[in-house]
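Written below as structure tokens is the structure these notes are about.
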Amino acid sequence: MNPFTRFPRVLLCALLLSAAPLVQAADANVDAITQAVARPDVLRGQFTQEKQVSGFKNPLHSQGQFVVARQHGVIWTTLKPFPSEVVVTADRILSRQRDGSTRVELDARQQPAMRSVNAIMFALMSGDVQALSSQFNVQASREGQGWRLKLTPKSAMLAKAFESLTLQGDRYVRQVEIVEANKDRTQIQFSALSEAPASLSADEARRFD
């Protein structure tokens, strides 16, 4: 199974660090975008998610909280309807269940072919706009005081998972919509975003281990 389809919420969370008043026009160069991106060392917040799965009448709802640490990765914690946690670093993806059990979903150290997948994920997490533009076609526009960014995949690997990613926000991403290749559609709203404290707590650092 394509790993991108297994962890779409983590990827969306990673895109938070691409937030800022990005560009004046769709053809702005990557260097200008990179200079505009807000890249705090640590960003925390809450999320609510609605996913419409093809063939199902009612959407699936979930909510929780996240930590994005530029030097470490992402902790994505779902609180409702079922507690769980996914931790993404440059080398691996871990999942923790409500009973405390931990499972390695991807380990680039044992599966070298997966390193390229993790590298793309980590580029998204760290706000590496240059790397992002190498993987996605980018369309950007202003909307009042905010902006809208639409990404469509360049590579066949990404195209197997995503049809498009659309982000809207101001200094940060406030809303994300992902359309998967199978037409499943996910919308995520981000709130209570904070850059303080600027370093990880002892508990947060432990969860990356």
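Below, each value reflects all heavy atoms present in this structure, side chains not excepted, and no hydrogens, waters or symmetry copies.
Note that CD of E163 is 11.5 Å distant from CG of D184, once rounded to the nearest 0.5 Å. We find the OG1-CD distance between T78 and Q49 to be 7.5 Å, quoted to the nearest 0.5 Å. Between the OG atom in S164 and the CZ atom in R185 there is a gap of 7.0 Å [rounded to 0.5 Å]. Within the model, atoms CZ of R206 and CG of L200 stand 12.0 Å from one another, a figure rounded to the nearest 0.5 Å.
Between the side chain of Q52 and the main chain of F56, a donor-acceptor pair closer than 3.5 Å is present. In this structure, the side chain of R44 engages the main chain of P197 through a donor-acceptor pair within 3.5 Å. Under a 3.5 Å cut-off, the side chain of R96 and the backbone N or O of R207 do form a donor-acceptor pair.
Using a 4.5 Å heavy-atom cutoff, the side chains of F82 and S62 are not in contact. No side-chain heavy atom of F162 sits less than 4.5 Å from a side-chain heavy atom of L151. At least one side-chain heavy atom of E180 sits less than 4.5 Å from a side-chain heavy atom of T186. Using a 4.5 Å cut-off on side-chain heavy atoms (C-beta onward), L193 and F66 make contact.
Clustering ILVMFWY residues whenever any of their side-chain heavy atoms sit less than 4.5 angstrom apart, transitively, puts V42 in the very cluster that holds F208.
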>> Quick one, H61 with T48, criterion side chain to side chain contact (heavy atoms under 4.5 Å, CB included). Give me CA distance, side-chain angles, the key distance, then yes/no.
In response: CA-CA 7 Å; H61 296 272; T48 58; over 6 Å; no

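Defined by atom type and a distance below 3.5 Å, a donor-acceptor pair is missing between the side-chain atoms of Q65 and Q46.
Classified by interplanar angle (parallel below 30°, tilted 30° to 60°, perpendicular above 60°), the ring pair F47/W76 is parallel.
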